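Report on the following structure.
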Amino acid sequence: MQIAILGRQPSISLAELESLFGSNKITQLSSNVATVDITTPLPQSRLGGTVKSGYVIHRLKSHNIDDAYEYINNNIAQWANTYVPSGKI
């Protein structure tokens, strides 16, 4: 799953994602964030309305920020070895 940070006109950004991947693959999480249910990276060069994108590597069950910080602190080393390309850190 990919996450997309939408630009200053989020409705146009969503329409753009829907036209490329189909509306059934898009879930809007907030006014400027959506997920795209695909396994490959978003084609950023084709997305004028998506300013940033990335992999969703984990979803927490809790909405508590302290739980999120604890989870990140306990797993960041593993993520760095798994998701960050060689030479990027």
Side-chain angles (χ1 to χ4, degrees):
M1 182 169 303
Q2 301 290 313
I3 190 164
I5 307 301
L6 309 176
R8 64 182 174 87
Q9 296 181 330
S11 58
I12 294 174
S13 302
L14 280 174
E16 183 177 56
L17 290 170
E18 289 173 355
S19 73
L20 285 173
F21 303 107
S23 61
N24 61 326
K25 300 245 183 211
I26 311 300
T27 302
Q28 189 170 3
L29 300 180
S30 72
S31 62
N32 63 341
V33 177
T35 59
V36 184
D37 191 14
I38 59 173
T39 57
T40 59
L42 291 176
Q44 198 68 46
S45 63
R46 293 185 60 199
L47 297 171
T50 299
V51 294
K52 293 187 181 200
S53 64
Y55 292 106
V56 175
I57 57 176
H58 187 78
R59 279 193 165 179
L60 297 174
K61 294 177 184 169
S62 169
H63 292 195
N64 181 304
I65 192 69
D66 292 327
D67 292 345
Y69 287 140
E70 181 181 350
Y71 187 83
I72 291 167
N73 284 331
N74 291 335
N75 292 283
I76 197 162
Q78 175 188 342
W79 294 336
N81 290 330
T82 303
Y83 297 105
V84 179
S86 177
K88 295 295 182 184
I89 291 186

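The first residue in the sequence is number 1, and the count goes up from there. This one's a predicted model, so the numbers in the text were calculated from it and none came from an experiment.
For the side-chain hydrogen bond (donor to acceptor under 3.5 Å, both in side chains) test, no residue two or more places apart in sequence or in another chain qualifies with T39. Every residue two or more places apart in sequence or in another chain that forms a side chain to side chain contact (heavy atoms under 4.5 Å, CB included) with T27 is listed here: L29, T35. With sequence neighbours left out, the side-chain hydrogen bond (donor to acceptor under 3.5 Å, both in side chains) criterion links D37 to no other residue. Take N32 and apply the side chain to side chain contact (heavy atoms under 4.5 Å, CB included) test, not counting sequence neighbours, and it matches S30. The side chain to side chain contact (heavy atoms under 4.5 Å, CB included) search around Q28 returns L14, not counting sequence neighbours. Legend: residues meeting side chain to side chain contact (heavy atoms under 4.5 Å, CB included) with N73, ordered by chain and number and at least two apart, are absent. Not counting sequence neighbours, the partners of Y71 by the ring pair (Phe, Tyr, Trp, His ring centres under 6.0 Å) test are H58, W79.
Nearest heavy-atom pair across I38 and Q2 is CG1-CG, 3.7 Å. In terms of heavy atoms, S13 sits closest to G7 at OG-N, 3.4 Å. Shown here for P10 and S31, the closest heavy-atom pair between the two residues is CB-O, 3.1 Å.
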Side chain to side chain contact (heavy atoms under 4.5 Å, CB included) assessment of L20 paired with L42: CA-CA 10 Å; L20 285 173; L42 291 176; over 6 Å; no
Side-chain donor-acceptor pairs of residues 43-53 under 3.5 Å, sequence neighbours excluded:
| residue | atom | partner | partner atom | Å |
| --- | --- | --- | --- | --- |
| Q44 | OE1 | S53 | OG | 2.7 |
| Q44 | NE2 | T50 | O | 2.5 |

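Chaining together hydrophobic side chains whose heavy atoms lie under 4.5 Å apart places I65 alongside Y69. The hydrophobic side chain of I12 is isolated, with no ILVMFWY side chain under 4.5 Å apart from it.
The distance from atom CD1 of I72 to atom CG of L60, rounded to the nearest 0.5 Å, is 7.5 Å. Between the OH atom in Y55 and the OG1 atom in T40 there is a gap of 7.5 Å [rounded to 0.5 Å].
Cluster membership for F21 and V56, using ILVMFWY side-chain heavy atoms within less than 4.5 angstrom, is not shared.
Note on residues 15-24: no pairs pass side-chain hydrogen bond (donor to acceptor under 3.5 Å, both in side chains), not counting sequence neighbours.
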